[in-house]
Amino acid sequence: MKALETLPTRALYGIGEIDKLGDLARDLGFERTLVVSDPGIVAAGYFDRAVGLLRAAGVEATGFHDFTENPDSLTIETGRRFAAPLNVDSLVGLGGGSSMDCAKGINFLLTNGGRMEDYQGFGKASHPMLPMIAIPTTAGTGSDAQSYALISSTQTHIKMACGDPGAAFKIAVLDPELTRTQPLKVRASAGFDAISHVVETWVTTKRNAVSAEFSRKAAALLVGSFERVLENPDDVSANGDMLLGAFYAGAAIENSMLGAAHALANPLTARYGTEHGVAIAHMLPHVVRWNADVGEAEYADLAAALGLGGGRNRPGDILAGRLEGLAAAGGLATRLRDAGVGREDLASLASDASRQWTGQFNPRPLDVDGALEVYECAY
Ligand SMILES: [Fe+2]
């Protein structure tokens with residue numbers, strides 16, 4: 001049953017699906033759960049709504065909110081200490097990627113002990129992990145479809161990918177109503193991140209028939225609705241396409257990993273605190289041009305899937321131009337000099353980028369010299 005192995009998470013999609021949360025939690029055997037959601041989600045009222053639904057179904061629910069974007073290993077340890085005395089049997093990740101990754105991280109430490117650094121890679125948990133439900137409120141990371149948590153090391157600031165079959169959510173509740181209230185900046189950067197997941201998974205060295213299918217579904221949904229939802233954030237159909245597209249793109253990552261744009265963006269986040277999707281926008285068009293000759297056939301396929309014409313130009317150049325247009329629509333800079341990055345920092349950023357795990361799956365091998373070349377192109 002290969003197909004089932006590729007989708008560890010059951011997705012429920014549609015307006016009002018959130019109302020099933022209590023029943024879903026009961027069906028999974030939840031009795032005492034930890035709801036991990038960032039302070040913005042509490043302010044938006046979604047946390048109270050979720051807890052109300054859980055309590056109405058007889059599930060005890062406690063919130064953990066003591067974290068911000070880009071959770072690091074220290075944040076996860078704080079969450080573990082908070083949750084340990086509660087004796088929870090389950091977790092709910094309610095919010096954007098940080099809430100979902102934070103829930104996964106706390107789950108690792110609660111059930112298997114140690115530090116987040118111990119789980120870098122895949123399959124390091126030796127004890128069963130607690131069942132979890134994801135409720136994304138942004139359309140972006142696709143963490144809801146993946147068995148990996150992205151947690152920054154507090155010491156090295158390197159983004160660690162910590163994966164395990166037990167870290168996959170049992171159920172993802174994809175309710176487009178919940179993404180309507182995303183602030184415009186979040187909507188733009190998270191949406192562009194999801195698009196980057198399509199572009200990167202399309203060409204990785206690990207791509208395969210399964211990942212390609214998810215990438216293709218995601219491409220049509222995301223690129224077709226990104227500008228629409230920026231123009232009209234209340235467009236329920238466009239919100240739904242973005243949410244489902246981000247989930248499919250996450251499923252593509254689960255099956256094919258990512259590439260150089262993520263390896264080059266992560267040091268920008270670590271060094272300057274640049275939001276992930278914003279850092280991705282700085283890098284992605286330049287990575288596509290840098291990969292253009294190696295990934296020519298694949299980029300031609302993607303450009304065709306997106307209905308892009310470009311005459312005799314290289315498919316990678318055509319695609320990069322479209323990506324720059326999408327970034328501009330979201331108000332996202334695609335040049336490092338416009339993002340406050342000093343030229344003198346590029347060499348050390350390149351050194352950091354070359355050590356990022358995800359760079360090894362890029363179709364054109366990314367070493368220090370290659371990373372510096374792309375940063376120079378992006379400047
Ligand atoms: Fe990403």
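First listed ligand is number 1; within each ligand, the first listed atom is number 1.
- Looking only at protein N/O/S atoms, the ones less than 2.8 Å from the Fe ion (ligand 1) make 4 in total.
- Looking only at distances, a side-chain donor or acceptor of S73 sits under 3.5 Å from a matching main-chain atom of T154.
- Among residues two or more places apart in sequence or in another chain, the salt bridge (charged side-chain N to carboxylate O under 4.0 Å, His left out) test is passed with D144 by none.
- Considering only residues two or more places apart in sequence or on other chains, A11 meets the side-chain contact (heavy atoms from CB on, under 4.5 Å) condition with L174, F247.
- By the 6.0 Å and 45° rule, R207 does not stack over the aromatic ring of W202.
- Residues satisfying the side-chain contact (heavy atoms from CB on, under 4.5 Å) criterion with L86, sequence neighbours excluded, are L34, T62, F82, V88.
- Classified by interplanar angle (parallel below 30°, tilted 30° to 60°, perpendicular above 60°), the ring pair F361/W357 is perpendicular.
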